[in-house]
Visitor: 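Take this structure first; my questions come after.
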2 protein chains.
Amino acid sequence: MSLPHALLGLINYKPATGYELKARFKQSVHFFWNAGLPQIYRSLNEMKSKGWLSLTVQHQDGRPSKKVYSLTQSGREELLRWLSEPGEISESRHQLMIKVFFGNQSGTDVLAGHIKDWRDRHLALVRMYETDVPSLLERYGALVSSRGDAFCWGLTLDYGKRHAEMVVEWCDQALKDIEGLQQGGAASK
Amino acid sequence: MSLPHALLGLINYKPATGYELKARFKQSVHFFWNAGLPQIYRSLNEMKSKGWLSLTVQHQDGRPSKKVYSLTQSGREELLRWLSEPGEISESRHQLMIKVFFGNQSGTDVLAGHIKDWRDRHLALVRMYETDVPSLLERYGALVSSRGDAFCWGLTLDYGKRHAEMVVEWCDQALKDIEGLQQGGAASK
DNA sequence: TTGCTCATGTAACAGGTTACATGATTAA
DNA sequence: TTAATCATGTAACCTGTTACATGAGCAA
């Protein structure tokens, strides 16, 4: 369980409603984690009942009321406790790698098609990391920024970029290898 | 939903029981996907009721009977259909990156500790990809192997290794940056 | 007038994990 | 005699997704 802690971290920058939190996810950590609104609302309720959050209702004219959540002392403690805890090994469920693993059953043409797709998507991601994302982080950073925050966000950004680049390189090599296999020699029993 | 398809792929090499499939997962795709026994048994039942699998019960002396599943024609078709389908973008839920993102809230010492841990684990993974895993794949490959299968398995192996190497490199850079931040300049507002 | 943004949620379902239950064989 | 391996599963629970429900304001 970890979504509640991600929410604690975001709310700790600045109190927020569930709806706003959804948007903050999109602007910040959504490359590494995302969450739907129903799940956010559900989590906020649980967190409140654990005493991690306090709630202020803001009435608005002509719009639904806002439920603005803030961290309580106990919420702040829980966040720090979790952040200090050694992380669990994250399980990646990697659909494409399964398809690659069984690639001999689908045939190398199908396989090469998937890999080309994947390469394109990750190349686009690399571009995004280079152009769109920094400005996004900057805009988001403007809300609450300290130099330390910006530094940490930069680290995750760098990770995402390296990851996407690694994938592109792997795809290139794999496509070369497949070509070699198709031309070079018989690839059956 | 994709576990059933991974199971189809494994059974297609050779008929198997639920228990054996769990072991095969461990020997083959478990870097990219894993599954518990309850889930495997549940999936096998569903797959059978969809007509993808046929079942033979093998009685054994002094041991519980085996339920050996094989692919039906319809199962083979479903597997090929799924393998040809373009893959969904896999959502990685990356706990450590969340902790990095909020690293300024926990402090750079805690953060550096996590990253060191992670570096160690991935360095161990790199070593494993270099030594243990190839022999594992070979042993597994001996069961059913064709050159094409071995080739595809090698591709996933290469991906895993590249990934682990990339993580180690990122960790090294991040640790350097953190050090620089701690020495170089004030890291507050 | 069509669709987007703001703002709340509920209900049902799908997928994955953990705990519980059984019981024989075999190697340390 | 203790623990691991073989072999089956059920029940409960946690998490995440999708579909449904409401309703005002505003821009194209």
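Residue numbers begin at 1 in each chain, while the letters A, B, ... track the order of the sequences. These numbers come from the heavy atoms of this one structure, side chains and all, not from hydrogens, waters or symmetry mates.
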Visitor: Would you say the side chains of Gln182(B) and Asp109(B) form a donor-acceptor pair under 3.5 Å?
Guide: yes
Visitor: To the nearest 10 degrees, how far apart in direction are the end axes of the helix from dT1(C)-dA28(D) to dA28(C)-dT1(D), each fit to five base pairs?
Guide: 40°
Visitor: For Tyr19(A), which fellow cluster members are found when Ile, Leu, Val, Met, Phe, Trp and Tyr are connected by side-chain heavy-atom distances below 4.5 angstrom, either directly or through intermediates?
Guide: Leu37(A), Tyr41(A)
Visitor: Take atom CZ of Arg24(B) and atom P of dC6(D), then tell me their distance rounded to the nearest Å.
Guide: 14 Å
Visitor: Using the test side-chain hydrogen bond (donor to acceptor under 3.5 Å, both in side chains), find all partners of Asn45(B) that sit at least two apart in sequence or belong to another chain.
Guide: none
Visitor: What integer distance in Å separates Gln58(B):CD from dA7(D):C1'?
Guide: 13 Å
Visitor: For the pair made of NZ in Lys22(A) and C1' in dT18(D), what is the distance, rounded to whole Å?
Guide: 13 Å
Visitor: In whole Å, I'd like the distance from the NZ atom of Lys26(B) to the P atom of dA4(D).
Guide: 12 Å
Visitor: Is it true that Trp153(A) and Phe101(B) have ring centroids separated by less than 6.0 Å?
Guide: yes
Visitor: Determine the sole option in Lys66(B), Lys14(B), Lys26(B) for which the salt bridge (charged side-chain N to carboxylate O under 4.0 Å, His left out) test with Glu20(B) is passed.
Guide: Lys66(B)
Visitor: Nearest whole angstrom, please: distance from the C1' of dT17(D) to the CD1 of Ile40(A).
Guide: 13 Å
Visitor: I want to check one thing: is the phosphate of dG15(C), taken as OP1 and OP2, less than 4.0 Å away from some side-chain N or O of Arg93(A)?
Guide: no
Visitor: Could you check how far NE2 of His5(A) sits from C1' of dC14(D), rounded to whole Å?
Guide: 15 Å
Visitor: Quick one, give me the B/S/- string for nucleotides 2-12 of chain C, reading 5' to 3', where B means a protein heavy atom under 4.0 Å from the base and S means that only happens at the primed atoms, P, OP1 or OP2.
Guide: ---SBBBBB-B
Visitor: Do Lys99(B)'s NZ or CZ and the ring of Trp82(A) fall within the cation-pi criteria of under 6.0 Å and 45°?
Guide: yes
Visitor: Does OP1 or OP2 of dT15(D) have a side-chain N or O of Gln39(A) closer than 4.0 Å?
Guide: no
Visitor: Can you list the residues that meet the side-chain hydrogen bond (donor to acceptor under 3.5 Å, both in side chains) rule with His94(A), with sequence neighbours excluded?
Guide: Tyr159(B)
Visitor: Where the side chain of Ser70(A) meets the backbone of Pro15(A), is there a donor-acceptor pair that is under 3.5 Å apart?
Guide: no
Visitor: If the condition is ring pair (Phe, Tyr, Trp, His ring centres under 6.0 Å), which residues does Phe102(B) pass it with, not counting sequence neighbours?
Guide: Tyr13(A)
